[in-house]
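To start, the structure itself, in structure tokens.
Note that the coordinates shown come from a computational prediction; the quantities given were computed from them, not determined experimentally.
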Number of protein chains: 2
Amino acid sequence: MSDRSHETLRLAVDLVILTVRKRTFRVLLIARGNEPFQGRLALPGGFLRTGESIEAAAARELEEETGLKGDELPLQQIGTYGDPDRDPRGRVVSVTYLAIAPNLPTPVAGSDAADARWRPVAPLLEKPGQLAFDHDRILADAVEEARRRLEYTTLATRFCADTFTIGELRDVYELVWGMRLDPRNFNRKVTKADGFLVQTDAKRAHETGRPAALYRRGPAEKLHPAMLRNGSEE
Amino acid sequence: MSDRSHETLRLAVDLVILTVRKRTFRVLLIARGNEPFQGRLALPGGFLRTGESIEAAAARELEEETGLKGDELPLQQIGTYGDPDRDPRGRVVSVTYLAIAPNLPTPVAGSDAADARWRPVAPLLEKPGQLAFDHDRILADAVEEARRRLEYTTLATRFCADTFTIGELRDVYELVWGMRLDPRNFNRKVTKADGFLVQTDAKRAHETGRPAALYRRGPAEKLHPAMLRNGSEE
DNA sequence: ACAAAAGTGTTGACTGTACACCCATGT
DNA sequence: ACATGGGTGTACAGTCAACACTTTTGT
């Protein structure tokens with residue numbers, strides 16, 4: 001009964017990299033170049049190397065897929081998935097990380113042969129079964145975690161460029177949560193929250209309308225008071 | 001450069017089992033019987049078996065340590081720890097689970113040779129370095145997670161027996177959070193929260209004072225409205 | 001002038017906290 | 001009677017959603 005692991009177990013790292021692009025909530029997916037699940041969409045990821053910490057593996061994969069270093073884009077561990085039959089090649093346990101990306105200048109500089117693209121999240125959640133392995137479930141868990149973190153942390157500013165308007169920040173909340181928010185009350189809430197935003201002197205004009213003040217990400221990590229989502233759903 | 005895992009990697013499961021006993025917030029720890037860290041305190045845990053899912057391994061360890069089946073005591077995955085040097089025996093990656101136990105009738109029926117006991121949490125957090133491996137850090141993360149979950153979920157009732165008084169439930173909050181709460185307002189908050197508690201007909205008398213109504217755990221998992229901890233600290 | 005987006009003021013409903021007070025029991 | 005913990009009433013302060021209204025730009 002005392003069954004020491006004679007099977008080879010491999011540890012993988014998978015990344016759920018979320019962004020807001022073209023007014024749509026998106027996730028970075030690759031098209032798999034090899035079996036299993038050849039041609040299917042999957043989360044970027046890879047195997048742990050000898051002597052490498054799990055965080056380092058996640059940061060390395062992130063850089064390979066997006067060109068971003070881990071210290072530019074914080075990674076958060078969100079869960080570990082290890083059902084015995086989740087990978088037909090053998091026993092693979094996957095530690096998953098969540099990263100939130102701003103609208104990146106380069107579309108994606110994938111070092112992998114397979115092309116990597118930003119795909120809208122909504123249809124993937126509505127119709128599961130499109131992704132390889134158990135990545136449907138991983139994606140759903142990660143999105144739920146991201147939605148929760150918008151409430152209690154200053155994560156939302158990670159979706160934005162270095163400076164941004166409150167309207168752009170509101171777009172993040174509306175697109176990730178999938179609901180409309182009152183622009184006036186939203187404005188007050190985020191400007192009042194301690195350390196969330198730092199105002200700059202600059203302003204940005206649009207085609208029409210009053211120019212918006214530009215803000216920078218503040219020092220706070222936790223959001224006080226929290227932004228709760230009980231408003232009118234879309 | 002492409003370094004396939006030639007090293008043997010083993011996957012372990014560690015459990016942070018928390019309870020409230022003798023008016024103290026406690027964690028189940030074993031004294032290690034073997035090297036490394038022989039004689040030191042450690043979280044209960046063990047290695048994954050061939051073909052076993054991670055959840056199943058956690059449930060099995062729980063039953064071995066406490067005699068409780070996994071469906072009696074829900075387990076929540078809280079993180080995975082895999083620094084290359086965290087275990088001197090080699091590369092061991094540990095998936096950790098949090099369980100919340102009521103004041104168990106049997107002290108502990110450990111199947112392991114090493115004795116298992118409920119130790120107060122507070123001194124372990126104040127003076128780290130008492131636990132084997134990186135279990136200090138795991139414990140700290142798990143306790144913080146448990147404290148957060150008391151705010152947003154109905155987890156607190158898991159610390160209680162089948163029926164319990166509101167005073168006992170308040171003890172849980174006060175001991176886990178380490179702060180005093182107003183008994184009168186606490187009473188109203190928890191009885192108003194949807195699906196948190198179900199009143200029974202029975203009452204329980206103490207040595208002195210008015211007998212308290214007995215309640216049972218309600219069907220809700222999430223707590224609405226949340227119990228936020230901003231009250232007067234102890 | 002008008003449209004459009006940013007931002008402010010105000011109001012009424014609700015929520016949380018503090019604390020006075022009453023209830024039911026053992027000694 | 002009195003101590004002790006359970007439980008209710010209430011008032012004040014703060015918060016939030018709703019929405020009227022003002023500001024600042026481009027056309």
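As a whole-Å value, the separation of A:Glu151 CD from D:dC16 P is 13 Å. Here the P atom of nucleotide C:dA6 and the OH atom of A:Tyr215 are 11 Å apart, to the nearest Å. Remark: P of D:dG14 and CG of B:Leu228 are 18 Å apart, rounded to the nearest angstrom. One atom, CZ of A:Arg184, and another, C1' of D:dC21, lie 10 Å apart when rounded to the nearest Å. Whole-Å rounding puts the A:Lys189 NZ to D:dC16 P distance at 6 Å. Remark: C1' of D:dG6 and CG of B:Leu169 are 14 Å apart, rounded to the nearest angstrom. To the nearest angstrom, P of C:dT10 lies 17 Å from CG of A:Asp182. The separation between A:Phe186 atom CZ and D:dC19 atom C1' is 19 Å, rounded to whole Å.
Distances were taken from every side-chain heavy atom of A:Pro211 (C-beta onward) to each of D:dT25, D:dC21, D:dT8; the shortest belongs to D:dT25. The side chain of B:Arg210 approaches D:dG6 more closely than any other nucleotide in the set D:dC19, C:dC21, D:dG6.
Across all strands shown, B:Ala212 has heavy atoms under 4.0 Å from sugar-phosphate atoms exclusively, and none from any base.
Between B:Asp115 and B:Ile30 the shortest side-chain heavy-atom distance does not fall below 4.5 Å. Two residues are said to be in side-chain contact when any heavy atoms from C-beta on lie closer than 4.5 Å; A:Phe159 and A:Glu168 fail this criterion. Taking 4.5 Å as the limit, every side-chain heavy atom of B:Leu73 sits out of range of all side-chain heavy atoms of B:Leu75.
Nearer to the 5' terminus of DNA chain D, by closest-nucleotide assignment, is the contact made by A:Ala226 (compared with the other of A:Ala205 and A:Ala226). In terms of position along DNA chain C, the nucleotide closest to A:His206 lies nearer the 5' end than the nucleotide closest to the other residue of the pair A:His206 and A:Arg188.
Using cut-offs of 30° and 60° for the angle between ring planes, the A:Trp177 and A:Tyr173 rings count as perpendicular.
At C:dA6, none of the side-chain N or O atoms of A:Lys203 fall inside 4.0 Å of OP1 or OP2 (strictly under the cut-off). For the OP1/OP2 pair of D:dC16 and a distance below 4.0 Å, the side-chain nitrogens and oxygens of A:Asn185 include no atom meeting the criterion. An OP1 or OP2 oxygen of C:dA6 is reached within less than 4.0 angstrom by a side-chain nitrogen or oxygen of A:Arg170. Regarding contacts with the backbone of C:dA6, every side-chain N or O of A:Asn187 stays at 4.0 angstrom or more from both OP1 and OP2.
When only modelled atom types and interatomic distance are considered, B:Tyr81 and B:Asp14 share no side-chain donor-acceptor pair under 3.5 Å.
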